[in-house]
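One structure is given below, encoded as structure tokens.
Note on naming: letters A, B, ... go to the chains in the order of the sequence lines (proteins, then strands), and numbering restarts at 1 for each one.
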There are 2 protein chains.
Amino acid sequence: MGTARGRRPPVMADVAKEAGVSHQTVSRVLNDHPNVRAETRTRVLEAIDKLGYRRNLVARALVTKHSRTLGVVSFDTTLYGPASTVYGIEQAARAAGYFISIVSLKSIDKTGVRDALDYLADQGVDGIVAVAPQRSAAQALADLPLDIPAVAVEGGEAGEVPVVCVDQVEGGRLATEHLLELGHETVWHVRGPGDWLEAEGRVIGWRSALERAGRAVPEPLAGDWSPRSGYEAGRSLAGMAGVTAVFVANDQMALGVLRAFTEKGVKVPGQVSVVGFDDIPESAYFSPPLTTIRQDFGAVGRHSIGVLLRQIEAGGPQASERLVVPPAFVPRVSTAGR
Amino acid sequence: MGTARGRRPPVMADVAKEAGVSHQTVSRVLNDHPNVRAETRTRVLEAIDKLGYRRNLVARALVTKHSRTLGVVSFDTTLYGPASTVYGIEQAARAAGYFISIVSLKSIDKTGVRDALDYLADQGVDGIVAVAPQRSAAQALADLPLDIPAVAVEGGEAGEVPVVCVDQVEGGRLATEHLLELGHETVWHVRGPGDWLEAEGRVIGWRSALERAGRAVPEPLAGDWSPRSGYEAGRSLAGMAGVTAVFVANDQMALGVLRAFTEKGVKVPGQVSVVGFDDIPESAYFSPPLTTIRQDFGAVGRHSIGVLLRQIEAGGPQASERLVVPPAFVPRVSTAGR
DNA sequence: GAGCGGCATGTTAACGTTCACAGTCGTGCC
DNA sequence: GGCACGACTGTGAACGTTAACATGCCGCTC
């Protein structure tokens, strides 16, 4: 019928007039306020439907001071790990009725983190999830005086902000113990970049497993998560005597190691056993299929949103907590007994 | 210097009082309005600095009707392609001073797309980038009466909305011609899922190259992008006579094909040559390193934001355009002459 | 039947910004 | 000396929503 006068989208007042009530009653209907007569409610809903009214969330945010938007700070969302984490976060947030605003950082310096957080704070997010896998990022986050609820994912020692992470140490231990149980004398390690907490945790797990078993602890080889760095580590390892088992800190580097071994004629798992980390979708089809440690990114996302929302509902930073998600061992064919 | 902590954050009026001017003058300084005396400007800036004032973007958005936020709709951002595209979009948007709100869809039905767009529209985004690689998604987008500027990435035939995409047909052609030039009689194809426009484009490029050369066009094998489906296709191909060259629609499936060939004892590139698509970071370290077609996701992201911003600045949908990014051929060792 | 409490609704005032308009100067020109 | 004009600044009113308070009405209690 004669509804749309002008092109301007309808506002609450238009609905109110159409339904013959006040705009406040419309607001009440929209916010499920209990004290509205059923008959009035349906009349309002009909008017809303008829006019195609949509509530203006910006105006709402202005007065409530809640935008129902969560900020996410991340690094290189092209990598499988961060991408999966962010995906998990996004799904969990949307399920809870929140929007997600994302900032992907290239550089990891303190300024970058500070800028990203400011940027999000400016926009009026209700809370922030920081995927902070590097020591420097975690540090920057911890140092920042935050007036907004926040959660660190894969962040370091619980400081001000609660942390949700996968138990990297346990993962490193699982991988190493598996290799030791197969009868290997010791286990070599290709580690991730020094600044990454995940890399650190895996090293710790690996070392502690070796030490507990009373085995020699070889010097870890340095990698940067890329297949290329794994390839180079693999070339080194292939030339060394006595290497029969390698724990590589992620699947991509493990691929590089496998490649190097193939080129050098080193048989996997015949001569050397290899364990990766992450369980990327590809690793089941490496040559040979890679034994690895799986991280449940979905769970990490859900937990981080859970912790964050609890904080928001409580109206401010809570007692800082640390939630640890266990990793899972995924046996395939790249490992074998001595 | 000392921001008053614990107090209500300062607003424009506070700054105005501090600087001894009106709130409007503060607004002018903030918006780089020309008619402000230099001395006044510095006084205002000092007051801003002193109070630690930050402009409330929500209030600003309410009156200007511009949120400086762009919405992104995507599917399974866990996959390398979508993840990279979204990353490119995010970087380009931020460089242009825009925020990014993301919705990752699981299901691809029309309702899902509609809901996602509504969700973003509610939030007051200034424009929408839809990563719509499936026919159904592109269709849903085209059918929707959008009152917001939008761009489709990897969307189909240019309908109402402009499209930015990689030239998939050209990519398929490049891969196929490369194999033909090496002397192969014909080229087999493991295609992506039927609903995906990218899969379709690659099939078309492959077929047209074969037809132009007057070669037989084998029935393509169906895949779903996963390494597993590639593995199964590979097992089939390994059992067929006369297969010497295979063009696989993405690198992940190519990995599965390589794995199947390895298990069946089929030598690559000795007996069969394989070409992939995407150039994921891993593919240089497959066994053997994979010849493939690279997509420039960064360029796609930049272009889509460019097109979208042009539309926004023009104040509404423009003449629909179609921007095509060329793919690049990346030779490695998985292909060889007959 | 006066008083009271709860329900259903309306009225008015925020929220913090920008926009439209209205001043107030000082300057240059005839 | 008056007048127009431009530079600079201030005033009031939006924007569309929710919060706080006010108002009427009904039924119940004493």
Ion pair present between A/D115 and B/R94, side-chain N to carboxylate O less than 4.0 angstrom?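 A salt bridge is absent here (no side-chain N lies under 4.0 Å from a carboxylate O).
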Closer than 4.0 angstrom, basic N to acidic O: yes or no for B/K65 and B/D126? no
For the pair made of [atom1] in [X] and [atom2] in [N], what is the distance, rounded to whole Å?
X: B/H66; N: C/dC19; atom1: NE2; atom2: C1'; answer: 13 Å
X: B/R54; N: C/dG16; atom1: CZ; atom2: P; answer: 16 Å
X: B/R68; N: C/dT18; atom1: CZ; atom2: P; answer: 13 Å
X: A/H33; N: C/dA8; atom1: NE2; atom2: C1'; answer: 9 Å
X: B/M12; N: D/dA14; atom1: CE; atom2: P; answer: 19 Å
X: B/D14; N: C/dG16; atom1: CG; atom2: P; answer: 9 Å
X: B/K17; N: D/dG10; atom1: NZ; atom2: P; answer: 15 Å
X: A/R8; N: D/dC15; atom1: CZ; atom2: C1'; answer: 11 Å

So, OP1 or OP2 of [N]: does either fall under 4.0 Å of a side-chain N or O from [X]?
X: B/T40; N: D/dC8; value: no
X: B/T25; N: D/dG10; value: yes
X: A/K65; N: C/dG16; value: yes
X: A/S27; N: D/dT18; value: yes
X: B/T64; N: C/dT17; value: no
X: A/R55; N: D/dT18; value: yes

List the steps, then state whether side chain to side chain contact (heavy atoms under 4.5 Å, CB included) holds for B/I305 with B/I89. CA-CA 6 Å; B/I305 292 296; B/I89 289 171; 3.8 Å; yes
In terms of the nearest nucleotide of DNA chain D, which residue is placed more toward the 5' end: A/R60 or B/R37?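 Between the two, 5'-proximity favours B/R37.
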Which residue, B/P34 or A/V11, contacts DNA chain D at a nucleotide closer to its 5' end, judged by nearest heavy atom? B/P34
Base, sugar-phosphate, or nothing for B/V21, non-hydrogen atoms under 4.0 angstrom? sugar-phosphate
N/O donor-acceptor pair, side chain B/R28 with base D/dG10, under 3.5 angstrom: yes
As a test of reading the structure: which of [options] is closest to the side chain of [X], going by heavy atoms?
X: B/V63; options: D/dC15, D/dT18, C/dA20; result: D/dC15
X: B/L62; options: C/dT18, D/dC15, C/dC15; result: D/dC15
X: B/N35; options: C/dT17, D/dC8, D/dT17; result: D/dC8
X: B/Q24; options: D/dA20, D/dG16, C/dA20; result: C/dA20
X: A/H23; options: C/dT18, C/dT12, C/dT17; result: C/dT12

Between A/Y119 and B/F99, is the gap from one ring center to the other below 6.0 Å? yes
Tell me, do A/V103 and A/S74 make a side-chain contact under 4.5 Å, heavy atoms counted?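 The answer is no; the side chains never approach within 4.5 Å.
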Does the B/Q123 side chain pair with the main chain of B/T69, one donor and one acceptor, at a distance under 3.5 Å? no
